[in-house]
Amino acid sequence: MAASGTGREAFATKAGFLLAAAGSAVGLGNMWRFPYQVSEGGGAALVVVYIGLIFLIGIPLMLAEFAIGRRGQRAPIGSLRALGGPAWGRLGYLFVLVGFAILSYYSVIAGWTVRYGIEAVVQGFAPSAADHFTAVASGGDAVAYHVAFMMATTLIVVGGVKGGIERASLLLMPALFVLVVGLAIWAATLPGAAAGYAVYLMPEVEELLNPDVWRAAAGQVFFSLSLGMGGMLTFASYLRRDQNLPESATVVSFTDFGVAFFAGLLVFPVIYSFALQGAVSGSTIGALFIAVPSAFEAMGAWGRVVGLFFFLVLALGAITSTISLLEVVTASVMDELGWSRRKAALLMGTAITLVGIVPATDLDALGLLDKIAGELLLLLGGLALALFAGWRIPAAVRDELIAGASPFWQRQVPRILFVMRYVMPPLVAVLAFFSLRETASAVAAFFSG
Ligand code: PHE
């Protein structure tokens, strides 16, 4: 980052912004959550709906956040207040809460990836991956890895060493992609892979019409693209007006989808080839951590080497996401309470670490938090942002979408605005309603044991 003429920090290069946004988007959402959502609801139908929703919700909402952030030049609370008045500013507090809640369990899963990476070196992968996952996913060890991961995240946010992380992710994101594609090709050679492809790639018509599949797909679009909690808004607040916003949103969305898609091409053949269906449906949340180590175990010694790199790169992909989550919380607290970066990041990081002990010791609590914060609250936050951009400040949004865009993308702006105003808000509202219903019954089930 370099200082811009206005004195505010700004991205030094256009690629730096793309990298930060893609780094926030690509993470456990692609590798862990996508296969887990697909196996839980609808299989290939969810994949198809997901692609459609990238266009109807993902790209327009990302553009709404980009436009608000670049226009407002402040963290979410400040930008919304400056552009829409104090009542809108209060919406920003929801984002702080959501960032807080998502990070508290995301860091637990990130801790699993570190653990599996270390295990690859120290003891190799367990023959029964499902039993091993059950043994290590919650409890004292999970807490320890979660605490360690939060400490690393907090130190980075305190130091504000965005440059280093950005440069690192320039290398790591392509490495992750190459590894996942390579492993997906290997998975294609497994006996019985076809059954996995059938589940992943051949949609059933009745599932395409199932509102629950749409709800889960929408939740996944929000989570995977880091939308609905002001993360993309915050990054865009460090932008100058020469960035091509529509093109950036499209590139980030499809990069993100590419990683998730190949993760599925790896996970599903493995599940069916190694007959892990039972284990995975007993713990869909562990699908990745059951399927992938089984594959590495079958590869023998090489599996340990590939496995180490796989989990290492995944942990690094996760840290570029946890940084963005803690950054939203930290930046907001700094703005609103006038705290220093150090104080804000340390106190918030510690509080999140403590809350995370709950999901680190209870897998059901982790799943529930993911429904509440990782789906419902993102949908509600996104709905509010869509209404704000499309109806409260549409002229400013049009202006921002055109500024810096090439002629091709300028011609798309009316279409983007149409979707942003008329298609996305009602669609998200309906899906948020389904999410509310689903979350309410999940809460009830959780508390009745
Ligand atoms: N998009 C990240 C992922 O897919 C998670 C995330 C959600 C990050 C919300 C920031 C905000 O892993």
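When reading the values below, keep in mind they use all heavy atoms of this one structure, side chains included, and skip hydrogens, waters and symmetry mates. Atoms within each ligand, like the ligands themselves, are counted from 1 in listed order. Remember, predicted model here, so these are calculated numbers, not experimental data.
The distance from ligand 1 to the heavy atoms of S321 drops below 4.0 Å at these ligand atoms: 2 (C), 12 (O). Here is the list of ligand 1 atoms found below 4.0 Å of a heavy atom in N30: 4 (O).
At a 4.0 Å heavy-atom cut-off, ligand 1 touches M229 through the side chain alone.
Protein heavy atom in closest approach to atom 7 (C) of ligand 1: F223 O, 3.4 Å. In this structure, the protein non-hydrogen atom closest to atom 9 (C) of ligand 1 is S226 CA, 3.6 Å. Ranking protein heavy atoms by distance to atom 2 (C) of ligand 1, first place goes to S24 O, 3.2 Å. At the shortest separation from atom 4 (O) of ligand 1 among protein heavy atoms lies A25 O, 2.9 Å. Among protein heavy atoms, the minimum distance from atom 12 (O) of ligand 1 is reached at Y106 OH, 2.5 Å.
Of the possible donor and acceptor atoms, one in the side chain of W32 sits under 3.5 Å from a partner among the backbone N and O of I285. Y200 places no side-chain N or O within donor-acceptor distance of the main-chain N or O of P269, the cut-off being under 3.5 Å. A side-chain donor-acceptor contact under 3.5 Å links T350 to the backbone of L346.
For F223 and Y50, the distance between ring centers is not under 6.0 angstrom. Between F177 and F262, a ring centre-to-centre spacing shorter than 6.0 Å is recorded. Aromatic pair F310/F296: ring centres closer than 6.0 Å. If you look at Y145 and W112, their ring centroids are not closer than 6.0 Å.
Checked against a 3.5 angstrom limit, the closest N/O atoms of I102 and ligand 1 fall outside it. The N/O atoms of L225, backbone and side chain alike, include none that comes under 3.5 Å of an N/O atom in ligand 1. Between D256 and ligand 1, no pair of N/O atoms sits closer than 3.5 Å. In terms of N/O distances under 3.5 Å, ligand 1 is approached by L28. Note: no N/O pair closer than 3.5 Å links L325 and ligand 1 by distance alone. Looking at ligand 1, you won't find any N or O of S324 less than 3.5 Å from one of its N or O atoms.
Between Y116 and F125, the ring planes lie parallel to each other; the angle is under 30°, not in the 30° to 60° tilted range.
T320 contributes atom OG1, which lies 10.0 Å from atom CG of L325 (distance to the nearest 0.5 angstrom).
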